[in-house]
Engineer: 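Questions regarding the structure given below will be posed in turn.
Indexing begins at 1, ligand by ligand and atom by atom, following the structure's order.
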Amino acid sequence: MVQDEKLMEKIVALCKRRGFIFPGSEIYGGIQGMWDYGPVGVLMRKNIKDLWWKEMVQLRDDMVGIDSSIIMNPKAWDASGHTQAFTDPLVECKVCHLRFREDKPDEIADHEKIHKGEKVEWTNPQNFNLLVKTFLGVIEGKESQAYLRGEITNGVHVNFKNVMDSTRVKIPFGIAQIGKAFRNEITPGGFIFRDREFEQMETQFYIKPEKEEGEKWFDYWKQNRMDFIISLGIRKDKLRYKDHEKLAHYAKAATDIEYEFPWGFDELMGIHNRGDWDLSRHQEYSGQNLKVKDMETNEEYTPWDIETSGGVDRLMLVLLIDSYKEENDRLWLSLSPKLAPYKAAVFPLLANKPELIEKAKKIYQDLRQDMMVAWDDRGNIGKRYASQDEIGTPFCITVDFDSLEDQAVTVRDRDTATQERVKISDLKEYLQKKIQT
Ligand code: GAP
């Protein structure tokens, strides 16, 4: 990948130093394409998922959620076409035998540069299946082969009938899901951009099987997802739509929302018109009727599906890149307060004054009932600000000697570094208002 090496290096280093993201199984030398989320990273990840769930499920009348299992009956993957067509074109460098994706010319060109003018020959492309295989069963040698899901989509489609039968949903409606997916990516890379284990947030929105309905809902979800991403504070000029030229085996239409990463525009999330591909195939392979009855005409039909699909990890990377700020000797993440791991940090001005500690602890204990709050009484205030800036904490609250008299504290804003005196009795409401915006 051609990229702004310095920015990516700085972000990777910050993530490790401050407990956002660690290389997977690092003490054993790591494992390609796997990352572990640390104490700060896990909070931000949860915030991303909670916000998405709130918008997609909690605030909508036409969406319900599910949580399906990672391992499914392997027939489901035959039905969805993954065992045959979930492939990337793999080519191997005949000089050093490293393997790459033929459809990533930048990565091929980067590799050829490593051979410095030497003529590099490549093998013919082969279709390499990305599904990760596993084995289930307790009798050795008699285990049956299964797959870790390559996308979370199938678990929704196989439950379409269960959801319709157990709730009051009516077409058009959607099913939302968040969960882990696994792909044996040929070239994992770009930090958490392309992993072998990652998490997806998806909605499958079922509609009447009509061209105009398909176009209407496809356009609706394209706009809806762009608005969501912008609402997270990501810069508009770094985002664009990109229609797919080559459609996946299941798609009638597909658009990506792309972000300008340090290596150029690349996929952040996708919106796909999957037509009736999934439900039709699951009907065919399972022999079950997954059709819906039109109450007006009494006719049965197989609904179409408009899908939105985004990666939690990829969105987190975009948020880290987009919010990374350096000015003079200051470094901070200008994360939206809604996404910041901690909403506030509480400091007693001096760590060796019991009356300050007691007052500050009281405020800390009270605030943490309603939001994630950090405590810091180490070093001087400047160092504490710098440390909270690096993890994007929007507000730092200092309890000083005046606080004992005026029952107020100093609240310092991460982005402007301005300070405001706020009454302790108003503090929670003050923060809650600021966090909502
Ligand atoms: N159900 C459709 C589907 O899975 P996709 O374009 O293959 O479509 C959707 O994936 C999203 O999942 C991508 O836009 C990206 O955000 C995320 N994603 C896909 N592969 C990924 C990987 N190897 N590592 C991290 N995120 C990935």
Engineer: For atom 24 (N) of ligand 1, what is the closest protein heavy atom, and at what distance to 0.1 Å?
Structural biologist: Asp195 N, 2.9 Å
Engineer: May I ask you to check whether over 12 heavy atoms, not counting those of Glu327, lie within 6.0 Å of atom CD?
Structural biologist: no
Engineer: For atom 7 (O) of ligand 1, what's the nearest protein heavy-atom neighbour? Residue, atom name and distance, please.
Structural biologist: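 Minimum-distance protein heavy atom for atom 7 (O) of ligand 1 reads Arg183 NH1, 2.8 Å.
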Engineer: Any N or O on Gly310 sitting closer than 3.5 Å to an N or O of ligand 1?
Structural biologist: no
Engineer: What protein heavy atom sits nearest atom 10 (O) of ligand 1, and how far off is it?
Structural biologist: Gln200 NE2, 3.4 Å
Engineer: Tell me which part of Leu315 gets within contact of ligand 1: side chain, backbone, both or neither, using heavy atoms under 4.0 Å.
Structural biologist: neither
Engineer: Please lay out, stage by stage, how Thr87 and Gln126 fare under the test side-chain contact (heavy atoms from CB on, under 4.5 Å).
Structural biologist: CA-CA 9 Å; Thr87 58; Gln126 289 173 30; over 6 Å; no
Engineer: Considering only non-hydrogen protein atoms, determine which one is nearest to atom 1 (N) of ligand 1 and report residue, atom name and distance to 0.1 Å.
Structural biologist: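 I find the closest protein heavy atom is Glu202 OE2, 2.6 Å.
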Engineer: Can you list the atoms of ligand 1 that are under 4.0 Å from a heavy atom of Glu307?
Structural biologist: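 Atoms satisfying the 4.0 Å criterion: 1 (N), 2 (C).
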Engineer: How far does CD1 of Ile175 sit from CE of Met164, to the nearest 0.5 angstrom?
Structural biologist: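 Ile175 atom CD1 to Met164 atom CE measures 9.0 Å (nearest 0.5 Å).
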Engineer: For Asp61, look at atom CG and say whether over 12 heavy atoms of other residues, nucleotides or ligands are found less than 6.0 Å away.
Structural biologist: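 No, CG of Asp61 has 12 or fewer neighbouring heavy atoms, counting only those of other groups under 6.0 Å.
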Engineer: Would you mind running through ligand 1 and noting each atom that sits below 4.0 Å from a heavy atom of Leu268?
Structural biologist: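 Every atom of ligand 1 under 4.0 Å from some heavy atom of Leu268: 14 (O), 15 (C), 16 (O).
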Engineer: Tyr259 and Phe261: aromatic ring centres closer than 6.0 Å?
Structural biologist: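 Yes, they do, as the ring centres are separated by less than 6.0 Å.
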Engineer: Surrounding NZ of Lys180 (heavy atoms of other residues, nucleotides or ligands, distance under 6.0 Å), is the total greater than 12?
Structural biologist: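 Yes, the 6.0 Å shell around NZ holds more than 12 heavy atoms from other groups.
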Engineer: Should the proximity of Arg274 to ligand 1, defined as any heavy atom under 4.0 Å, be assigned to the side chain, the backbone, both, or neither?
Structural biologist: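 Within the 4.0 Å criterion, Arg274 contacts ligand 1 through side-chain atoms alone.
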Engineer: Looking at Arg168, I want to see if its CZ is surrounded by more than 12 non-hydrogen atoms of other residues, nucleotides or ligands under 6.0 Å.
Structural biologist: no
Engineer: Can you check ring pair (Phe, Tyr, Trp, His ring centres under 6.0 Å) on Phe198 and Trp35, steps first, answer last?
Structural biologist: CA-CA 9 Å; Phe198 55 99; Trp35 297 92; over 10 Å; no
Engineer: Compare every heavy atom of Pro341 with every heavy atom of Leu335, then report the nearest pair and how far apart it is.
Structural biologist: CD1-CD, 3.9 Å
Engineer: Applying a strict 4.0 Å limit to heavy atoms, is Asp313 in contact with ligand 1?
Structural biologist: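 No heavy atom of Asp313 comes that close to ligand 1.
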Engineer: Write out the residue and atom name of the closest protein heavy atom to atom 25 (C) of ligand 1, then the distance separating them to 0.1 Å.
Structural biologist: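 The protein heavy atom lying closest is Phe193 O, 3.2 Å.
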Engineer: To the nearest 0.1 Å, how far is atom 3 (C) of ligand 1 from its closest protein heavy atom, and which atom is that?
Structural biologist: Glu151 OE1, 3.4 Å
Engineer: Does Arg194, backbone or side chain, put an N or O under 3.5 Å from an N or O of ligand 1?
Structural biologist: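 By distance alone, the answer is no.
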Engineer: Could you tell me whether ligand 1 has any atom less than 4.0 Å away from a heavy atom of Tyr250?
Structural biologist: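 Tyr250: in contact with ligand 1 (<4.0 Å).
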Engineer: Any nitrogen or oxygen of Phe198 lying under 3.5 Å from a nitrogen or oxygen in ligand 1? Just yes or no.
Structural biologist: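 No; the residue has no nitrogen or oxygen that sits under 3.5 Å from a nitrogen or oxygen of the ligand.
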Engineer: Would you say ligand 1 has an N or O under 3.5 Å from any N or O of Glu267?
Structural biologist: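 Between Glu267 and ligand 1, an N or O pair is found under 3.5 Å apart.
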Engineer: Quick check on contacts: which atoms of ligand 1 are under 4.0 angstrom from a heavy atom of Met269?
Structural biologist: 14 (O)
Engineer: Check Glu107, Lys113, His115 against His111 for a side chain to side chain donor-acceptor pair (under 3.5 Å) and give me the one that passes.
Structural biologist: His115
Engineer: Measuring from the heavy atoms of His272, does anything fall under 4.0 Å of ligand 1?
Structural biologist: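 Checking ligand 1 against His272, which is what was asked, there is a heavy-atom contact under 4.0 Å.
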Engineer: Tell me whether Lys325 at atom NZ has more than 12 heavy atoms from other residues, nucleotides or ligands lying less than 6.0 Å away.
Structural biologist: yes
Engineer: About how many Å separate CD of Glu258 and CG of Leu268, when rounded to the nearest 0.5 Å?
Structural biologist: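 Here the rounded value is 9.5 Å.
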Engineer: Could you check atom 9 (C) of ligand 1 against the protein and tell me its nearest heavy-atom contact, residue, atom and distance included?
Structural biologist: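 Atom 9 (C) of ligand 1 sits closest to the protein heavy atom Ser309 OG, 3.0 Å.
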Engineer: Which ligand 1 atoms are under 4.0 Å away from a heavy-atom of Thr153?
Structural biologist: 1 (N)
